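Presented below is the structure to which this report refers.
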Amino acid sequence: MAETLLKIEGIHKSFGGLQALSDVTLSIHRGEIYGLIGPNGAGKTTLFNVLTGLYVPDSGAFVFNGQNLFQQKPHLIVSAGITRTFQNIRLFAAMTALENVMVGRHIRSSAGALGAILRNKRTMAEEAAIRAKAWQLLEYVGISDVAEEQARNLSYGHQRRLEIARALATEPQLLALDEPAAGMNPRETEELKALMSKVRQDGVTVLLIEHDVKLMMDLCDRIAVLDYGKKIAEGIPEEVRKNPKVIEAYLGATHA
């Protein structure tokens, strides 16, 4: 049986009178690409925000790699091994691509504020190692040729890859990507698909939100579908594709 890396049970999240998530339960196996789809407003990004500590769930259970992360702070969740990208690109625009990745790497550093001030031998050695790792990650995602360019000057596709490199710098066990293919042309989408497969092959589990249903069906091992904050389906892509509830959520009751 596949090993469970992430398990959430009965997650509820409301904003005033709006029930954004209602009794959401799912488990993600180590080493798979797990997709999360649903119509606009279904609760996908809200669930991402709960899993990464940006939103505090009202109730439920959240266990990752055997560790209880329910209602934990974002930096503790990153330290535990979950990292993410955002639907809207959030890079440090005035910093270079290399510097952006180095920022992500600092979650695994030990020098601290005092070391940064004193610039002792240990701190300098660690900084050099962080820079070298950042270069490796830029090569890994295929954009090392723009390492010294400011993030704001990169193409849209390169900025998406840079976000992934920065997320990988935290050494995640689970990489959560919120619509990474949004705005990409077909060639960039195929390149992203190949990168996601490589990330999984190298031992990182992937949780993916994407509106490109064809991409999800081609790439994901299993898919869960949210609608109005509730999980309405889960399974392998072919099962989800044929599920009447999913067809109704996307196309309406007449088509279903």
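This structure is a prediction, so every number in the text was calculated from the model and none was measured.
Counting heavy-atom neighbours within 6.0 Å of Lys230 NZ, excluding the residue itself, gives a total of 12 or less. Summarising the local packing, CZ of Phe92 is surrounded by 12 or fewer heavy atoms from other residues, nucleotides or ligands at distances under 6.0 Å. A 6.0 Å sphere centred on NZ of Lys198 holds more than 12 heavy atoms belonging to other residues, nucleotides or ligands. Residue Phe70 qualifies as enclosed at atom CZ: its count of foreign heavy atoms under 6.0 Å is above 12.
Judged purely by distance below 3.5 Å, without hydrogens or angles, the side chains of Tyr55 and Gln71 never pair a donor atom with an acceptor atom. In summary, the side chains of Asn40 and His211 do present a donor paired with an acceptor at a separation below 3.5 Å, with no hydrogens or angles considered. Judged purely by distance below 3.5 Å, without hydrogens or angles, the side chains of Asp202 and Tyr140 pair a donor atom with an acceptor atom. Side chains of Asp212 and Thr189: no donor on one and acceptor on the other come within 3.5 Å. If you check the side chains of Arg30 and Gln173, you find a donor sitting under 3.5 Å from an acceptor. A donor-acceptor contact closer than 3.5 angstrom links the side chains of Ser14 and Asp58.
Not a single donor-acceptor pair under 3.5 Å links the side chain of Lys44 to the backbone N or O of Glu210. In this structure a side-chain-to-backbone donor-acceptor pair under 3.5 Å is present from Ser197 to Lys193. Side-chain atoms of Arg200 do not come within 3.5 Å of backbone N or O of Glu32 as any donor-acceptor pair. Remark: side-chain polar atoms of Asn100 are paired, donor with acceptor, to backbone N or O of Thr96 under 3.5 angstrom. Thr83 places no side-chain N or O within donor-acceptor distance of the main-chain N or O of Pro172, the cut-off being under 3.5 Å. The backbone N or O of Gly38 sits less than 3.5 Å from a side-chain atom of Tyr250, completing a donor-acceptor pair.
Remark: Lys13 qualifies as a cation-pi partner of Phe15 under the 6.0 Å distance and 45° angle criteria applied to the six-membered ring.
Considering Arg90, Arg84, Arg160 in turn, Arg84 is the only one that fulfils the salt bridge (Lys or Arg N to Asp or Glu O under 4.0 Å) rule with Asp178. Considering Ile209, Leu26, Leu207, Thr52 in turn, Leu26 is the only one that fulfils the side-chain contact (heavy atoms from CB on, under 4.5 Å) rule with Leu47.
The minimum heavy-atom distance between Ala181 and Leu215, with the atom names listed, is CB-CD2, 3.9 Å. Taking all atoms of both residues into account, the shortest heavy-atom contact from Glu239 to Gly235 is OE1-CA, 3.5 Å. Residue Asn243 comes nearest to Ala233 through the heavy atom pair ND2-CB, 3.6 Å, listed as atom of the first residue, atom of the second, then distance. Taking every heavy atom of both residues into account, Leu154 and Ala97 meet most closely at CD1-CB, 4.2 Å. In terms of heavy-atom proximity, Asn88 sits nearest to Glu163 at O-OE2, 4.3 Å.
Grouping the Ile, Leu, Val, Met, Phe, Trp and Tyr side chains by contacts below 4.5 angstrom, directly or via other members, places Phe86 apart from Ile82.
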